[in-house]
Amino acid sequence: MQQKFIIDGVKPLIGEIEVQTAKNAALPIIAACILTDEPVVIEKCPHLKDIDAMLDIMRHLGASVEFDGDNLTICCHDVALNVINSDLTGKLRSSIFILGSILSRCRHAYISHPGGCEIGLRPIDLHISGLKSLDVKIADDRGVICCDGTEMRAGMVNLDFASVGATENLMMAGALLDGETVIVNAAREPEIVDLAQFINAMGGRVSGAGGSVVRVIGVKKLHGCTYKPMPDRICAGTFLAAAAATGGSITVNGIIPEHIFGITERLKQTGAKLGFHRNSIRLLAAPRPRPIHKLETNVYPAFPTDMQPQLCAVLARAKGSSVVVENLFENRFGYTSELAKMGAAITVKDRVAVIHGVPQLYGATLRASDLRGGAALVVAALSAEGRSAVYGVEHIDRGYEYIERTLTELGASVRRADCGS
Ligand code: EPZ
């Protein structure tokens, strides 16, 4: 049954929350479990649709998967299948980085093109060219990527773009290869560091993660382990943005401060006051946000693309105009047409949005069409006068664990309802 959120604004968010474990760290870590035939326990694994979709793929391959509360045990002892069809890959962009771990284990893999958010073409050429640099033979047979890794070997890979997923794929491809695989122009995101720490916890030898050159010295065998992935920097940023949008005052616990500096520096520019204390951050919003003259998304540690929609929802009510440049994805402003229904004044041309802040947004009937755009609609609805209905919450559930519960804890008026009601 399709569901919607009913949100009544404006209620300033007040209170304290604990941030969930990072979706974009947990997903590659789950894929990396294929690298060992021993049980792995992933602690505090978030309950998300994207995680469920990845676990469906793991079960399809023959892994045993079991949740005990928040702790997830995965055992890939019986993984033998190496074919993943589009029913499974279509739901999830992250399915593509299963490739590296399956090739490491089985040397052959047949995977349909991945799905993912409608925020751009989401090509996989960097994944393919990187694996080919390791002598994997790859052919595309009517949408199925057929990989023959019988002669794959460690080597040097130079990424044309610092792709997060391609870096993760190649780290997993090199983990069991005899010799050293060097990834040049690697992505530097914290999720890369977390994957490296996980592989090393299994007995791997990854170094340089977090920098532009990652080195993977292959080992003969990896063993099971227990691992708690990093906190979700984008979820933390999303709730901080919601507080900034509603004139609230919140504390987010369980963060790693340096992971969110790129986000908090921008929230400060909206006039919010922020203070870090160990693994917590406190935000006191300005009564009305200030505009940001120019906001650009870029790779870590710059302002992340996954926070662009949520911050634009804050800027929609700013006292002035902001220019936002989306450098990562070619189609990530789709949500602005929904914000316009609330009275927002945003002009979009290609990868640039000009936001003329308005004093007030008004409740409307809205439809989410991707994960972070959906989160932006929730942020806007919280800061709007009156009632909004946000349809398409299945997109939001991909990355936020019971978002309506967390927002309600902070004093928001949000409830989930069936679309028929
Ligand atoms: C990861 O996607 C994240 N997803 C995305 O988060 C995030 O927006 C993105 O990194 C950038 O930080 C996961 O980790 C599951 P990329 P990924 O490869 O790996 C181009 C969310 O909301 N590119 O770094 O797909 C691509 O088109 C999601 O949680 C190629 O051209 O991102 C894009 O312009 C959305 N060829 C840029 O690189 C390729 O082979 C960044 O992509 C791969 C990517």
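One-based numbering, in listed order, for ligands and for the atoms of each.
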Trainee: Please check whether Asn24 reaches ligand 1 - meaning an N/O of the residue sits under 3.5 Å from an N/O of the ligand, judged on distance alone.
Mentor: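 Yes - when backbone and side-chain N and O of Asn24 are compared with those of ligand 1, one distance drops under 3.5 Å.
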Trainee: Is the backbone N or O of Gly373 less than 3.5 Å from a side-chain atom of Asp370, with the two atoms forming a donor-acceptor pair by type?
Mentor: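 Here the side-chain-to-backbone pair exists.
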Trainee: Assess whether a salt bridge exists between Arg416 and Asp397, defined as any Lys/Arg side-chain N lying under 4.0 Å from an Asp/Glu carboxylate O.
Mentor: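 Answer for the salt bridge query: yes.
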Trainee: At under 4.0 Å between heavy atoms, is it the side chain or the backbone of Val164 that contacts ligand 1, or both, or neither?
Mentor: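 Both backbone and side chain of Val164 come within 4.0 Å of ligand 1.
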Trainee: Nearest to atom 28 (C) of ligand 1 by heavy atom, Ile124, Leu371, Asp306, Ile192: which?
Mentor: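 Looking at heavy atoms only, Asp306 sits closest to atom 28 (C) of ligand 1.
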Trainee: For ligand 1, is there an N or O atom under 3.5 Å from any N or O atom of Leu126?
Mentor: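 Such a contact does occur with ligand 1.
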Trainee: I'd like the name of whichever of Phe161, Phe329, Phe97 reaches closest to atom 32 (O) of ligand 1 through any heavy atom.
Mentor: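 Considering heavy atoms of Phe161, Phe329, Phe97, the nearest to atom 32 (O) of ligand 1 sits in Phe329.
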Trainee: Indicate yes or no: does Asp52 engage Lys49 in a salt bridge with an N to O separation below 4.0 Å.
Mentor: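 A salt bridge is absent here (no side-chain N lies under 4.0 Å from a carboxylate O).
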Trainee: Between Lys137 and Glu151 (salt bridge meaning N to carboxylate O under 4.0 Å), is one present in this structure?
Mentor: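 Answer for the salt bridge query: yes.
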Trainee: Measure His127 to ligand 1 on non-hydrogen atoms and call it side chain, backbone, both or neither using the 4.0 Å cut-off.
Mentor: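 Both parts.
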Trainee: Please determine if Arg332 and Glu326 form a salt bridge, counting it only when a charged side-chain N lies under 4.0 Å from a carboxylate O.
Mentor: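 Looking at Glu326 together with Arg332, the answer is no, because their closest N to O distance does not fall below 4.0 Å.
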Trainee: Any idea which of Glu191, Arg398, Arg122 brings a heavy atom closest to atom 2 (O) of ligand 1?
Mentor: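 Selected option, by shortest heavy-atom distance: Arg122.
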Trainee: Under 4.0 Å from ligand 1, counting heavy atoms only, is it the side chain of Thr305, its backbone, both or neither?
Mentor: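 The part of Thr305 near ligand 1 is the side chain, not the backbone.
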Trainee: Any Lys/Arg nitrogen of Arg153 or Asp135 sitting under 4.0 Å from an Asp/Glu carboxylate oxygen of the other?
Mentor: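 A salt bridge links Arg153 with Asp135.
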Trainee: Describe, in one word, how the ring planes of Tyr402 and His47 are oriented to each other, choosing from parallel (under 30°), tilted (30 to 60°) and perpendicular (over 60°).
Mentor: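 Geometry flag for His47 against Tyr402: parallel rings.
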Trainee: In terms of ring plane angle, is the pair Phe333 and Tyr335 parallel, tilted or perpendicular, where the classes change at 30° and 60°?
Mentor: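 Geometry flag for Tyr335 against Phe333: tilted rings.
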Trainee: Touching ligand 1 at all, Pro123? Heavy atoms, strictly under 4.0 Å?
Mentor: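 In this structure, Pro123 qualifies as a contact of ligand 1 - some heavy atom is under 4.0 Å.
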Trainee: Checking contacts here: is it the side chain or the backbone of Asp125 that comes within 4.0 Å of ligand 1, counting heavy atoms only? Could be both or neither.
Mentor: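 It is both parts that get close, each with some atom under 4.0 Å.
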Trainee: Which heavy-atom pair separates Ala173 from Leu131 by the least distance, and what is that distance?
Mentor: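 Answer, listing the atom of Ala173 first, then Leu131: CB-CD2, 3.8 Å.
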Trainee: Can an N or O of Gly165 be found at a distance shorter than 3.5 Å from an N or O of ligand 1?
Mentor: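 Gly165 vs ligand 1: N/O contact under 3.5 Å present.
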Trainee: Where does Lys23 meet ligand 1, judged by heavy-atom distances below 4.0 Å: at the side chain, the backbone, both, or neither?
Mentor: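 Side chain only.
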Trainee: Indicate, as side chain, backbone, both or neither, the part of Arg332 found under 4.0 angstrom from ligand 1 when only non-hydrogen atoms are considered.
Mentor: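 Arg332 to ligand 1: side-chain contact only, backbone stays beyond 4.0 Å.
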Trainee: What are the atoms of ligand 1, with element, lying closer than 4.0 Å to any heavy atom of Arg372?
Mentor: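 Every atom of ligand 1 under 4.0 Å from some heavy atom of Arg372: 21 (C), 22 (O), 29 (O).
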